[in-house]
K.L.:
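The structure's right below; bear with me while I get my questions together.
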Amino acid sequence: MKDNNITGFFEKFIKKDSIFKEKRVLQSNYSPDNIPHRENEINHIAQIIAPALKLDKPSNLFVYGKTGTGKTLSVKYTTNKIMEVAKDKKIPIKVFYINCKLKKVADTEYRLIAELARKLGKSIPATGLPTEEVYKIFYNSVDKEKTLLVIILDEIDQLIKKAGDEILYNLTRINEDLDNSIITLIGISNDLVFVDNIDPRVKSSLSEEEIVFPPYNALQIQSILTERIKKAFKEDIIEQGLIEKCAAYAAREHGDARRALELIRVAGEIAEREGKQNVVIKHLDKAEAKIERDRIQDIVCSQPKQFQATLYAILKLNKERNDSILTGEVYEIYKKICSNVGLRPLTQRRISDVIAELDMSGIITAKVTSKGRYGRTREISMSVPSHIKDKINKILAEGLGLA
DNA sequence: GTCAATTCACATGAAAGAGACCACGGTCTAGTG
DNA sequence: CTAGACCGTGGTCTCTTTCATGTGAATTGACGA
């Protein structure tokens with residue numbers, strides 16, 4: 001009986017008309033055939049890496065811009081095109097794309113080099129070898145390849161922040177030792193100021209050329225949305241004015257096109273689940289709330305126990321009082337929670353860092369302020385609406401075994 | 001009233017340790033011819 | 001004789017602790033008007 005119900009549901013599901021034509025188009029890893037409003041940047045990139053086709057070393061390139069401004073897309077697009085030409089003319093060019101933000105892939109020197117070597121077909125263990133050794137393996141295999149290698153390092157700021165700028169120095173220097181191959185680096189970064197903090201030597205060799213991607217304005221986002229929506233949804237699904245609202249929302253968030261696309265995709269999914277045949281503003285609002293909720297829930301669930309305990313302490317204090325919370329207070333409560341749960345309490349030093357990290361993930365807001373005679377501390381507050389707070393509270397209580 | 005010194009309550013840095021993982025090479029053991 | 005099991009060594013990585021140093025403004029107290 002029950003089974004029949006489910007089967008029936010699935011069958012109906014298949015028959016039911018989807019409002020999507022091709023949902024893939026709205027997903028963040030989709031790369032469209034043309035990239036509107038980025039012609040200048042793409043041309044610029046093309047000019048810079050074009051010498052590769054004559055096997056001259058292209059200048060190292062540095063690309064900046066906020067998230068969702070099409071940096072990665074443009075770089076990938078241009079390098080793909082150049083690869084097509086290269087393949088046609090049998091020019092030995094290789095392009096490696098590495099996202100430095102992905103944990104466990106390329107967030108340390110060792111892992112980055114190991115990943116590069118792996119892409120050259122070498123098998124490198126995840127750990128256990130001296131970094132020096134991995135360098136040698138990488139270096140030898142590049143030299144044997146007799147190729148022009150373009151390495152794209154996406155979110156390079158994350159790598160530098162975690163592993164220092166020595167890597168870049170070494171990578172740029174490797175070139176001088178290679179006899180048969182050439183390496184060119186393309187760095188992509190969200191962080192506009194991070195270059196100021198790296199070693200000047202590295203800076204000058206790495207950013208021989210720089211391109212800045214300005215944020216999209218609302219009109220540009222609108223046209224991007226319109227184009228993708230045309231491909232993704234069937235006709236007459238999207239309500240009048242929805243695109244405008246979505247674009248306005250994304251423009252407010254520093255012109256993040258990725259966000260706008262996600263918003264409209266989720267709105268579509270919600271509408272579909274409700275069995276509606278068109279997407280209206282109401283769905284957009286729901287989508288916005290859902291994205292935020294999912295994001296926070298993800299963050300909270302994936303935190304280690306110690307972070308959860310700290311967050312729980314903050315939440316507890318936040319519930320009791322309305323004014324801002326101080327580090328010392330959090331630490332006291334945190335210690336109590338630890339003894340309740342049977343967790344070994346960490347030092348205040350560590351908790352200070354934990355709080356800073358929670359701030360980074362956006363779930364709390366912590367600002368360092370000086371209270372004059374009464375010291376210097378972080379003022380902490382929750383940066384989420386209260387109905388989500390309750391939810392977090394529940395998740396944490398469960399996760400910590402306090403429920 | 002003004003101004004520099006003081007002081008608080010942490011923030012922030014640096015270094016180093018602990019424990020988990022892992023590869024490599026050498027040694028031991030048991031099975032095979 | 002050889003394949004496989006089993007150490008010990010040396011390496012990375014992450015999370016912490018320990019020790020040291022830094023910091024911004026309310027408060028204090030001396031000083032001069």
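Letters A, B, ... are given to chains in the order of the sequence lines, protein chains preceding strands, and every chain is numbered from 1.
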K.L.:
Quick one: which of C:dT16, B:dC10, C:dT17 gets closest to the side chain of A:Thr377?
P.N.:
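Nearest nucleotide to the side chain: B:dC10.
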
K.L.:
Rounded to the nearest Å, what distance is computed from the OH atom of residue A:Tyr334 to the P atom of nucleotide C:dT16?
P.N.:
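For the pair A:Tyr334 OH and C:dT16 P, the rounded distance is 8 Å.
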
K.L.:
Report the distance from atom CD of A:Glu115 to atom P of C:dT12, rounded to the nearest whole Å.
P.N.:
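So the CD-P distance, A:Glu115 to C:dT12, works out to 19 Å.
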
K.L.:
Starting from C1' on C:dG24, measure out to NZ on A:Lys367 and report it in whole angstrom.
P.N.:
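That distance rounds to 13 Å.
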
K.L.:
Quick one: A:Arg373 CZ to C:dA26 P, roughly how many Å, whole number?
P.N.:
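Checked: the CZ to P distance equals 13 Å.
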
K.L.:
Think A:Thr327 has a side-chain N or O under 4.0 angstrom from the OP1 or OP2 of B:dA11?
P.N.:
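Yes, because at least one side-chain N or O of A:Thr327 sits under 4.0 Å from OP1 or OP2 of B:dA11.
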
K.L.:
Nearest-Å distance, CD (A:Glu379) to C1' (C:dT23)?
P.N.:
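One finds 16 Å between C1' of C:dT23 and CD of A:Glu379, rounded.
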
K.L.:
At what distance, to the nearest 0.5 angstrom, does NZ of A:Lys245 lie from CD1 of A:Ile264?
P.N.:
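So the NZ of A:Lys245 and the CD1 of A:Ile264 are separated by 11.0 Å.
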
K.L.:
Between A:Arg350 and A:Glu357 (salt bridge meaning N to carboxylate O under 4.0 Å), is one present in this structure?
P.N.:
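Salt bridge between A:Arg350 and A:Glu357, a charged N being under 4.0 Å from a carboxylate O: yes.
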
K.L.:
Taking the side chain of A:Arg378 as heavy atoms from C-beta outward, which of C:dA26, B:dA11, C:dT16 is closest to it?
P.N.:
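Of all the options, the side chain of A:Arg378 is nearest to B:dA11.
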
K.L.:
Are A:Lys71 and A:Glu41 within salt-bridge range, i.e. N to O under 4.0 Å?
P.N.:
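The answer is no: the pair does not qualify as a salt bridge.
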
K.L.:
Using a strict threshold of under 4.0 Å (side-chain N to carboxylate O), is an ion pair present between A:Glu274 and A:Lys286?
P.N.:
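Salt bridge flag = yes for A:Glu274 with A:Lys286.
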
K.L.:
Look at the side chain of A:Ser352 and the backbone N and O of A:Gln348, then say whether any donor-acceptor pair between them is shorter than 3.5 Å.
P.N.:
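Here the side-chain-to-backbone pair does not exist.
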
K.L.:
Measure across A:Arg378 and A:Ala366 and return the closest heavy-atom pair with its distance rounded to 0.1 Å.
P.N.:
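Taking every non-hydrogen atom into account, CD-CB, 3.7 Å.
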
K.L.:
Whole angstrom is fine here: how far is it from CD in A:Gln348 over to P in B:dA11?
P.N.:
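Result: 7 Å.
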
K.L.:
Where along residues 349-362 of chain A does a heavy atom come under 4.0 Å from DNA chain B, residue by residue in number order?
P.N.:
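Close to the strand are A:Arg349, A:Ser352.
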
K.L.:
Is there a side-chain contact between A:Arg111 and the phosphate of B:dC21, meaning an N or O under 4.0 Å from OP1 or OP2?
P.N.:
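It does not, given that no N or O in the side chain of A:Arg111 lies less than 4.0 Å from OP1 or OP2 of B:dC21.
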
K.L.:
Rounded to whole angstrom units, what separation is found between the CZ atom of A:Phe307 and the C1' atom of C:dT16?
P.N.:
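Distance check: A:Phe307 CZ to C:dT16 C1' gives 11 Å.
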
K.L.:
Pick out which of A:Thr184, A:Ile182, A:Val142 makes a side chain to side chain contact (heavy atoms under 4.5 Å, CB included) with A:Leu149.
P.N.:
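The single option meeting the side chain to side chain contact (heavy atoms under 4.5 Å, CB included) with A:Leu149 is A:Val142.
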
K.L.:
Report yes if at least one side-chain N or O of A:Ser370 is closer than 4.0 Å to OP1 or OP2 of C:dT23; otherwise report no.
P.N.:
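Checking A:Ser370 against C:dT23: no side-chain N or O falls below 4.0 Å of OP1 or OP2.
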
K.L.:
Between C1' on B:dA11 and CZ on A:Arg376, what's the gap in Å once rounded to a whole number?
P.N.:
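Going from CZ in A:Arg376 over to C1' in B:dA11 covers 6 Å.
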
K.L.:
Please state whether the phosphate of C:dT27, meaning OP1 or OP2, lies under 4.0 angstrom from any side-chain nitrogen or oxygen of A:Tyr374.
P.N.:
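Affirmative; the distance criterion is met.
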
